[in-house]
Amino acid sequence: MINLQRKVLESELVSILQGCTTLNQIKRVHAFIYRNNLNQSSYVITKLLRVLTTLRHVPIHTYPLLLFSQVHNPNPFLWTALIRAYAHKGDIFEAFRLYGSMRMKCTGPVSFTFSALFSACGAARDARLGAQVHAQTILIGGFASDLYVNNTMIDMYVKCGLLPCARKVFDEMPERDVVSWTSLIVAYAKIGDMGSAGELFDELPVKDMVAWSAMVNGYAQNAMPKKALEFFELLRNEGVEIDEVTLVGVISACAQLGASKYANWIRDIAGSSRFRSENNVLVGSALIDMYSKCGNVEEAYNVFKGMKERNVFSYSSMIVGFAIHGSANEAMKLFYEMLKTEIKPNHVTFVGVLTACSHAGMVDQGQQIFATMEKCYGVAPTADHYACMADLLGRAGHLEKAHRLIETMPMKPNGAVWGALLGASHIHGNPDVAETASKHLFELEPDNIGNYLLLSKTYASAGRWDDVSRVRKLMKEKRLKKNPGYSWFEAKNGIIHEFFAGDVTHPEITEIKKELDDLMERLKTIGYLPNLCSVSYDISDNEKRRILMTHSEKLALAFGLLRSDAGSTIKIMKNLRICEDCHIVMCGASKVTGRKIVVRDNMRFHHFLHGACSCGNFW
DNA sequence: CTAGGGTTAG
């Protein structure tokens, strides 16, 4: 009778405990437990410990440990709760010390114990210890066939980067569930092997929302946005429920596609779901990124403003959005607004802020932020931040300063750092510095064709044709093929029209050519002269003029002028960097037509209006 | 108790 009452009391307590969210609430329940002589109940104390350790600011070695040590004969679950708490804090040493004590007292383990230990090993990337625990699961009867133990073991091996071991566990498991499959699918997706991920997914007998989302996100993360959308459609046809995580993958895929058609499509789906950007930071932040990558930074800001809750992702995405659109002042303003909130800037925030400064030529401000980011905001500069600084200084013409910064930086310069210097050397026509930067880049990124092209263009601008052909020869030896330049324009109906350089295959090419010729005539009246330096071949000036007129972004512009509503913004996307001559033409076109033109090249967005570009002719 | 998650520079 007494035992029954006790059981009822225990279970009531546990349900009260699960609703506790503050330390004071927990302490009150604890006092009650103590008064009712329940402080020896492993069951109740285990629950108490679990709730307590979800509070981040409570150190385990104080209150939780005290609770534990007051129980004379802790059962395996109570031991495990404490082990798990240390494991979650990343204290692998303490977790294993406790496991040792537990074994010495001849208690347990239970499957949860192994889960906690595997999670500790995974967090610490300690595969050696993980393998020892693996061995224990075999030695201590029964656990090697436990589904849950095996699932956590797979996860541990995956976190340690030992996919073959994880696969072996998976292949030898007597019983698998959708969790086991999904763990492995994600592991393959993370290393970029979507082929194996897809094979596993096909074999998976019962697919749930998480497994589907893993595929959608896997394709999105591996730059296969079309595939991601395809899987999302399949998932919806299957009648599978979607949630915020699924949505984020699709939104990121739409961001990569950069087309308004997809942006509007997923906006409506998200808007009619339970996960609207106003109430959901995850979806909201993803939409901010998507809109800015689709060229619509105004809409990105609308989403930002409409969000009830914001976090570091929302702010960083918005700051980066402003930065790539050349709205440096807005980016800075938002950064200072952010500093007034509780939200702390992180390394990405600073990349955004420094990029904004760099694109706007705000050298002093950028240098000041760079100098104080660690001291004032606790974010230590990484090589990426040094790349921003090399870009900031170099772009502004301080090539030597940029070079000196690189040579004195505390870590090994990466490709972005030398790439920034190379880009700056190209802008300022300094083949000698370009040569130095390239030497490093050819070692760091031997297959990145952009570096070879930029170097050869810098030589060409300086008239060093021998060096140009030397670089060309190098590219030939490495069998590097130049990507064909192309641009695209999204028509009102969402159909995308692609134009390659020198393209004559578009059905309306005659009209397009005529439109372009007309535009050129009008530009000449305001003083346009073809920028022959934009062609880095040693050919006649006439031939250069002809080639300039075949650039894909000019064809897309002419098509856009023909096929868009008067007064609307013309949006052009390009896979390579926009050339100087096309940039001049875009400026002029915005002036003579009175249209707003937005060009997204592979680096950033250019907003042309009234004859000027948001980048300040500075890119 | 175990599986899916967003922002990054040249």
Report summary line: Glu241(A) meets the side-chain contact (heavy atoms from CB on, under 4.5 Å) criterion, sequence neighbours left out, with Met209(A), Arg274(A)
Query raised in the report: Hey, does Arg395(A) reach any base, or is it just sugar-phosphate, or nothing, if we go heavy atoms under 4.0 Å?
Result: sugar-phosphate
**Report entry** Sugar-phosphate, base or nothing in reach of Asp384(A), heavy atoms under 4.0 Å
**Finding:** base
Report task. Name the nucleic acid region contacted by Lys207(A), choosing base, sugar-phosphate or nothing; use a 4.0 angstrom heavy-atom cut-off, strictly under. Result -> nothing
Query raised in the report: Which part of the nucleic acid does Asp208(A) contact within heavy-atom distance under 4.0 Å: base, sugar-phosphate only, or nothing?
Result: base
Requested in this report: Using a heavy-atom cut-off of under 4.0 Å over every strand shown, decide if Ser183(A) touches base, sugar-phosphate, or nothing.
Outcome: sugar-phosphate
Query raised in the report: What does Met318(A) touch in the nucleic acid at a heavy-atom separation under 4.0 angstrom: a base, only the sugar-phosphate, or nothing?
Result: nothing
Requested in this report: Write out all pairs satisfying salt bridge (charged side-chain N to carboxylate O under 4.0 Å, His left out) with one or both partners inside residues 174-189 of chain A, taking only residues at least two apart or from two chains.
Outcome: none
Query raised in the report: Which part of the nucleic acid, if any, lies within contact of Leu422(A), taking any heavy atom under 4.0 Å across all strands shown: a base, the sugar-phosphate backbone alone, or nothing?
Result: nothing
**Report entry** ring pair (Phe, Tyr, Trp, His ring centres under 6.0 Å) against Tyr188(A), all qualifying residues, sequence neighbours excluded
**Finding:** none
Query raised in the report: Across the strands shown, which category fits Val348(A) at heavy-atom distances under 4.0 angstrom: base, sugar-phosphate, nothing?
Result: base
**Report entry** Sequence-distant partners of Phe313(A), ring pair (Phe, Tyr, Trp, His ring centres under 6.0 Å), two or more places apart
**Finding:** none
Query raised in the report: Is the Phe112(A) ring parallel, tilted or perpendicular to the Tyr148(A) ring (thresholds 30°, 60°)?
Result: perpendicular
Report task. Quick one: label Val245(A) by what it contacts on the DNA or RNA (base, sugar-phosphate, nothing), any heavy atom closer than 4.0 Å. Result -> base
Query raised in the report: Contact class for Val281(A) vs. all strands (heavy atom < 4.0 Å): base, sugar-phosphate, or nothing?
Result: base
Report task. Check the pair Thr53(A) / His88(A) against side chain to side chain contact (heavy atoms under 4.5 Å, CB included), numbers first and verdict last. Result -> CA-CA 9 Å; Thr53(A) 49; His88(A) 277 226; over 6 Å; no
Report task. Flag the pair Glu330(A) and Lys333(A) as a salt bridge only when some basic side-chain nitrogen lies within less than 4.0 angstrom of an acidic carboxylate oxygen. Result -> no
Requested in this report: Under 4.0 Å from any atom of DNA chain B, heavy atoms only: list the residues of residues 426-445 of chain A that qualify, in numerical order.
Outcome: Leu441(A), Glu445(A)
Query raised in the report: Is there a donor-acceptor pair closer than 3.5 Å between any side-chain N or O of Asn75(A) and the backbone N or O of Phe77(A)?
Result: yes
Query raised in the report: Looking across every strand, which nucleic acid part, if any, lies under 4.0 Å from Ala387(A) by heavy atom: base, sugar-phosphate, or nothing?
Result: nothing
Report task. Give one of base, sugar-phosphate or nothing for Ser180(A), where a contact means two heavy atoms less than 4.0 Å apart. Result -> nothing
**Report entry** Nucleotide range of DNA chain B lying under 4.0 Å from chain A heavy atoms
**Finding:** dC1(B) to dG10(B)
Requested in this report: Kindly say whether Cys357(A) contributes a backbone atom to a donor-acceptor pair with the side chain of Gln365(A) at under 3.5 angstrom?
Outcome: no
